There are 4 protein chains.
Amino acid sequence: MARTRREQAEWRREQLLDAALRVFADKGVDGATVKDLAQAAEVTPGLLYRYFDSKEALVQALLTERGFLPQLRERLAGEHDARPAAEVLAGLLGAFDRLLADNADLVTVFFSAGHARAALGELAAEGQRLIGDFLAARAAAGELRPHDSAMAARTLFATVAIGRRTGSPVDVAQLVELLFPQAER
Amino acid sequence: MARTRREQAEWRREQLLDAALRVFADKGVDGATVKDLAQAAEVTPGLLYRYFDSKEALVQALLTERGFLPQLRERLAGEHDARPAAEVLAGLLGAFDRLLADNADLVTVFFSAGHARAALGELAAEGQRLIGDFLAARAAAGELRPHDSAMAARTLFATVAIGRRTGSPVDVAQLVELLFPQAER
Amino acid sequence: MARTRREQAEWRREQLLDAALRVFADKGVDGATVKDLAQAAEVTPGLLYRYFDSKEALVQALLTERGFLPQLRERLAGEHDARPAAEVLAGLLGAFDRLLADNADLVTVFFSAGHARAALGELAAEGQRLIGDFLAARAAAGELRPHDSAMAARTLFATVAIGRRTGSPVDVAQLVELLFPQAER
Amino acid sequence: MARTRREQAEWRREQLLDAALRVFADKGVDGATVKDLAQAAEVTPGLLYRYFDSKEALVQALLTERGFLPQLRERLAGEHDARPAAEVLAGLLGAFDRLLADNADLVTVFFSAGHARAALGELAAEGQRLIGDFLAARAAAGELRPHDSAMAARTLFATVAIGRRTGSPVDVAQLVELLFPQAER
DNA sequence: GATGAATGAGCGTTCATTCAT
DNA sequence: TATGAATGAACGCTCATTCAT
């Protein structure tokens, strides 16, 4: 299969990150031992230290390299178009919801790692800004009723996030309908 | 002051729980050592085991005996009265917000302990039920616009909770105004 | 046998130092593992850390608390009297020689620990000063031939020390006779 | 420059020994890792094992191939001539002193390696024999006062050696003057 | 009831060594 | 010849837990 050294190293690194994400999500950062991590990646503990300086460095690499802020921007950007506001909004929230679902392990790690506040804050701020700008624009265009766009964005984000977190995902269409009833858009 | 055996034991137990709550919130459940806990309570590690079978048992006792579900019911119950719905609602949400603030340590422990999901779910379910019932009743009475009460309750709860969690508390009056604008109540 | 806690702790500490001295001398500081040290003291590795912060701290305690500089002063002081200079000198050197022999393990540790230079320097300086002063006094009194007392002290010390170190102890009477032949004292 | 295989191999081996001597002297034999050694020689750890069976084998090669006993014989031999005994003696001791200074790293390794006793003993024995023979011959010739030549050789050697070891080199002329005052040679 | 000495399992990490490339 | 990824056996050290006093 002729894999070069460089490729092999990169592949191994990803493999270790993958395994770590799974194990951390399962047992928590403190609860997972280096042995656990190594076994999950089917290597020996020593090897882990060729790729990461410490267990903590592995956590950091996970948070930095697998953080989903870039994905968030990307996914939300794809939803900005000329469709009716309610539809676009549902699309945005749905994208966010799916992002959380796709990264459930990572979210769990965030919380377990004691990095929750910082990571969550960043995510929330960015997401709320994106949604808030959209709402303000559509309200200015008269398509949505006048409202506190920043607060609305907070509300929408929080509801979707908590829904995922408590294991009972929210129906984004119903959520949009609650804040912007069809009758008065 | 002649404290009875029974009183002394109870007092010591509470003292240990108090100290544990502080230490756990500060260092996390895994990060806190039994020695830390003992020092914070100004006793020796050995004594801790007269009152709790293990460190984990101490965590459980904290979650069970210091859980704020009872407080939630009590505080929310006090807000049910004949005032205008928006006012009562702001009161309810404010009470919930203050509850979270007052128990910030405990909330942190919940998250750090990996018991987050269960504990949060319970809290959310109960709180949403209480708020939802109130909303449904007032909507039925025509005081509030017709709406999806369950979803509204979720939204309100989530927004307040995330606000506390990210360190930027929400203004409940503005929140209520967003969902139930004065004009159309 | 009714040993108090305090006594027991002190006894245990000494026991650990004793065992460490033996093991360090046998295997060298780096070569000796904490497990080795614990086994030699017939305790578990963990206990060692109740008495010393680290393996290095144990080495330091050994060097500080078992250092033989105090013994050197004490033993040499006992040899200052009114007997003929050659006799006193032989006594002094003999005392030094015995000190090294009695502390052979510790000397080995000094060398193995990389603290050799500092420790040796201190020992040599002190010993040479004591011997040098004595020589100068007796030379001034006309009992010994005029000579470079500092150099003589260095010579005497070095010869005895190397003798011990290479495993072939020197005959102090012969050594004294070499520097201060009977004929010309 | 077309180096033959054999030359290249020999060159590499020397390079590794050079680097090892430096690193061992700096960090001690136990303290130096194979990685340290490889880096100092600007090769990879694996290559080291093509030239030496183990880290210990490298130490042994250093002690055997870089031992300064041959140098000692060579340098001391060069000092045997017809000049006055005191002058020749000072030359011999000076040569020995310079030898120690030139091989300070190696001496350090000897000590750190726990091979001190054997290596030192050999060196001392050889040196003392060479000096002792010279002293005996000159005493027999009446140029030096009658004395215990073996003991004198020990004394001279020890004093020079300890001087180097403690970092305060001895003045060999003064040393010779102490044992063989000009007046009575 | 309270102590703290003692245990022992297991932690994160290092490192001499091997071997496929 | 030379590489460096990979191993596995320790290493120093921590800590929840026990128990004689």
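Computed from a prediction, not measured in an experiment: that's the story for all the values here. Residue numbers start from 1 in every chain, and the chains themselves are labelled A, B, ... in the order their sequence lines are given, proteins ahead of strands.
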Any side-chain donor paired with an acceptor under 3.5 Å for Gln15(D) and Arg12(D)?
-> yes
Could you list the residues that satisfy salt bridge (Lys or Arg N to Asp or Glu O under 4.0 Å) with Asp105(A), not counting sequence neighbours?
-> none
Kindly say if Tyr51(A) contacts the phosphate of dA6(F), meaning a side-chain N or O under 4.0 Å from OP1 or OP2.
-> yes
Give a yes or no on this: more than 12 heavy atoms of other residues, nucleotides or ligands lie within 6.0 Å of atom CD of Glu42(C).
-> no
Rounded to whole angstrom units, what separation is found between the CD atom of Gln39(A) and the C1' atom of dC11(E)?
-> 14 Å
Student check: side-chain heavy atoms of Leu16(D) and Leu37(D) closer than 4.5 Å | no
Distance, rounded to the nearest Å, where Gln15(A) contributes CD and dA5(F) contributes P | 14 Å
Any Gln8(D) side-chain N or O less than 4.0 Å from OP1/OP2 of dA2(F) = yes
Rounded off to whole Å, could you give me the CG-to-C1' distance for the Leu37(D) and dT17(E) pair?
-> 13 Å
Atom-to-atom span, CZ of Arg13(B) to P of dA2(E) - whole angstrom | 14 Å
note: Leu16(A), atom CG; dG12(E), atom C1'; distance rounded to Å ~ 16 Å
Taking all non-hydrogen atoms of both residues, which atom of Phe52(A) and which atom of Ala61(A) are closest, and how far apart?
-> CE2-CB, 3.8 Å
In whole angstrom, what separates Arg5(A)'s CZ from dT21(E)'s P?
-> 9 Å
Of all the base pairs, Watson-Crick or G-U under 3.5 Å, which form stems of three or more consecutive pairs involving DNA chain E?
-> E:2-21 with F:2-21
Counting N and O atoms only, with roles assigned by atom type, does the side chain of Glu7(B) sit under 3.5 Å from a partner on the main chain of Thr4(B), one being a donor and the other an acceptor?
-> yes
Please give, in whole Å, the distance from dT3(E) C1' to Arg6(C) CZ?
-> 16 Å
Are Glu10(A) and Arg5(A) within salt-bridge range, i.e. N to O under 4.0 Å?
-> no
Over how many whole Å does the gap from Glu7(B) atom CD to dG1(E) atom P extend?
-> 15 Å
With sugar-phosphate taken as primed atoms, P, OP1 and OP2 and all else as base, the protein-contact string of nucleotides 7-12 of chain F at under 4.0 Å (heavy atoms; B, S, -) is BB--SS
Charged N to carboxylate O under 4.0 angstrom, Asp18(C) versus Arg66(C)?
-> yes
N-O pairing of Asp30(B) and Lys27(A) below 4.0 Å = no
